[in-house]
2 protein chains.
Amino acid sequence: MSKYDSGLDLCFSALGDPTRRKILERLARGEATVSELAATHDMALPSFMEHLKKLEAAKLITSKKQGRSRICTLSPTAFTPARDWLSEQSTIWEGRLDRFDDYIQTLMEERSK
Amino acid sequence: MSKYDSGLDLCFSALGDPTRRKILERLARGEATVSELAATHDMALPSFMEHLKKLEAAKLITSKKQGRSRICTLSPTAFTPARDWLSEQSTIWEGRLDRFDDYIQTLMEERSK
DNA sequence: TTGATACTTAGGTATATGTCTAAGTATGAT
DNA sequence: ATCATACTTAGACATATACCTAAGTATCAA
C-alpha cells in the first residue's frame, strides 16, 4: 500500500478480506477479546492479529488492553464514509439516467414537429 | 487473492484503490472509452487496463468493443451487495440488546477520568 | 514464586498486486 | 496499401499481503 492511503483505501481494502468481514460481523453483536475472536478462525494467532491490526488501522474497530486480554469493539460510524461513497455513486448514476430520459424525450418532441 | 473469492471480496478489494474509485466516479457520469478514462491518469496504459480488468472482474463495470475502442459502463446495481452488507452490520450493532449497558459503562469511564 | 494464559515480537516464505517497457493485433483514415 | 490510433499481450520487477514458526513479555491464579 502506498503512503497516500486515504481513509477509504484502508476501509475498503480491510473489507475486501473474508476473515476481516467475519470479525466485523462478530463484533457487530458485541465486543470480544482477541482469543474469543480467534477461536473460530483456523489460523495462527500472529496471522490473526495482523487482520485485527488492519481493521484498527482502517478505524473499523478499536481495542484496549484489559489485564492480559485485549478487548476489540466495532466502530460502527467508521462504515459511514464507505456507505456514503457508494450511495453517492449510485445517486450520480441515477441522475444521469434521468437526464438521458429527458434527452430522448426532447428528441421525440423535435421529431414530431 | 485466494481461489475462494466471493463477490464481496472482489468488490471491496476493487474499491480499495483510489485509481479504481476515480474510474467509477467518472463512469457514474456516463460511459467512456478506455483512452478517455486513461487520459486523466498518469500511468502506462497496460497498468491502467489492469485496473479496468479488476473492476470488470468485480462486476462493477462492463465493457464492449466498438471498433478499435472499448467502451466502459458502470454497473450501478453491483454496489448493492456491498451497501447492503455495510447497512446490515450497522443495523445489527444498533439493535444490540446490551447497547444501553455499554453506553452507561462508557459514561462512567469518561466521568472517572 | 511458579506456572499457565493471553497476547506480542521477530523473522521467514509464497503469492498477489501495481507498476513498467517492448512488441504485438485490430481498426479507421487517407 | 499505408500509416496512425486504440488497445492487447508478454514478460519483468518491487512491494504488499497473508500466512507460518519460534521465542518473547505481561498478567493472573495458586
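As a basis for the values below, the full set of heavy atoms in this structure was taken, side chains included, without hydrogen atoms, waters or symmetry mates. Within every chain, numbering begins at 1; the chains are lettered A, B, ... in the order of the sequence lines, protein sequences first and strands thereafter.
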Applying salt bridge (Lys or Arg N to Asp or Glu O under 4.0 Å), which residue pairs with at least one partner in residues 72-92 of chain B are found, sequence neighbours left out? none

[atom1] of [X] versus [atom2] of [N]: gap in Å, rounded?
X	N	atom1	atom2	answer
His41(B)	dA6(D)	NE2	P	17 Å
Lys64(B)	dC7(D)	NZ	P	14 Å
Glu56(A)	dC7(C)	CD	P	13 Å
Leu52(A)	dC19(D)	CG	C1'	15 Å
Asp17(A)	dT17(D)	CG	P	11 Å
Met49(A)	dT21(D)	CE	C1'	16 Å

Enumerate the side chain to side chain donor-acceptor pair (under 3.5 Å) contacts for residues 41-50 of chain A, please, sequence neighbours excluded, ordered by first and then second residue. Glu50(A)-Lys53(A)

Is it true that Glu56(B) and Ser63(B) share a donor-acceptor pair across their side chains at a distance under 3.5 Å? yes

Side-chain ion pair, Asp9(B) and Arg21(A), N-O less than 4.0 Å: yes

Applying the side-chain contact (heavy atoms from CB on, under 4.5 Å) criterion to Ser75(B), which one of Leu27(B), Thr80(B), Thr62(B) satisfies it? Thr62(B)

Can a side chain N or O of [X] be found less than 4.0 Å away from OP1 or OP2 on [N]?
X	N	result
Ser35(B)	dT5(D)	no
Lys53(B)	dT8(D)	no
His51(A)	dT17(D)	no

Which letters describe nucleotides 20-27 of chain C, given B = protein heavy atom under 4.0 Å from base, S = only from sugar-phosphate, - = neither? BBB----B

I'd like to check Leu24(A) versus Ile61(A) (side-chain heavy atoms, cut-off strictly below 4.5 Å). Are they in contact? yes

